[in-house]
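Bear in mind that the values here come from a model prediction, so they are computed numbers and not experimental data. Position 1 is the first residue of the sequence; numbering continues from there.
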Amino acid sequence: MSLNTIKNALLGVSDAVYHFSAPPNTPPPYIEWAEDGENVFMAGNRHAETAISGTIDLYTKDDSDPLRAAIPEALNNTECAWYKNSTQYEEDTGLIHDEWVFEVF
């Protein structure tokens, strides 16, 4: 499994998927995803296994946006570990921001 697993799962629910950051003035809804760390399993004083962790962010103006359910469903159809981290309302933009955390091997 690789980061392409996350990218492909997200592209299965939307064409508006961006790695790290959407271009300026991208209309919502859109999805951003990025890797931001790793968890390492050590064996014999070496990195035996490495899992890459990151976040998936959905920005929408619609609290009933179908992407809010489609993203978890798409992640369930992969072999990655994930959880929903937060839902926030961004007053300056009027956007609802959902965030999921993922981990892939």
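The side chain to side chain donor-acceptor pair (under 3.5 Å) check on S21 picks up nothing, with sequence neighbours excluded. Every residue meeting the side chain to side chain donor-acceptor pair (under 3.5 Å) condition with N85, not counting sequence neighbours, appears here in chain and number order: E99. Qualifying salt bridge (Lys or Arg N to Asp or Glu O under 4.0 Å) partners for D98, counting only residues two or more places apart in sequence or in other chains: R68, K84. Remark: E91 pairs with no residue by the side chain to side chain donor-acceptor pair (under 3.5 Å) rule, at least two apart or across chains. Annotation: side-chain contact (heavy atoms from CB on, under 4.5 Å) contacts of P72 (sequence neighbours excluded): W82, W100. Not counting sequence neighbours, N4 has no partner by the side chain to side chain donor-acceptor pair (under 3.5 Å) test.
Note: the hydrophobic cluster containing V104 also contains I71 (ILVMFWY, side chain heavy atoms under 4.5 Å, direct or indirect links). Cluster annotation: I6 and V101 are assigned to distinct hydrophobic clusters (Ile/Leu/Val/Met/Phe/Trp/Tyr, side-chain heavy-atom contacts under 4.5 Å, transitive). There is a path of hydrophobic side-chain contacts, each under 4.5 Å, that joins L3 to I56.
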Anything under 3.5 Å between a donor and an acceptor, one on a side chain of residues 33-55, the other on a protein residue two or more places apart or in another chain? List them.
residue : atom : partner : partner atom : Å
E35     : OE1  : H19     : NE2          : 2.7
N39     : ND2  : E103    : OE2          : 2.2
S53     : OG   : G37     : O            : 3.3

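Here the CG-CD1 distance, from L10 to I31, works out to 5.0 Å after rounding to the nearest 0.5 Å. The SG atom of C80 sits 10.5 Å away from the CZ atom of F105 when rounded to the nearest 0.5 Å. For the atom pair OG1 (T78) and CG (N8), the distance works out to 10.5 Å, reported to the nearest 0.5 Å. Atoms NE2 and OH, on H97 and Y89 in that order, are 14.5 Å from each other to the nearest 0.5 Å.
Grouping Ile, Leu, Val, Met, Phe, Trp and Tyr residues whose side-chain heavy atoms lie under 4.5 Å apart, directly or via other members, places Y18 in a hydrophobic cluster with Y30, Y59, L95.
In the displayed structure, D92 atom CG is contacted under 6.0 Å by more than 12 heavy atoms of other residues, nucleotides or ligands.
For N77 (side chain) and E73 (main-chain N/O), a donor-acceptor pair under 3.5 Å exists by modelled atom type. With hydrogens and angles disregarded, no donor-acceptor distance shorter than 3.5 Å links the side chain of S14 to the backbone of L11.
Pairing each heavy atom of T60 with each of P28, the nearest pair is CA-CB, 4.1 Å.
Side-chain atoms of S64 and D62 form a donor-acceptor pair, as typed in the model, at a separation below 3.5 Å.
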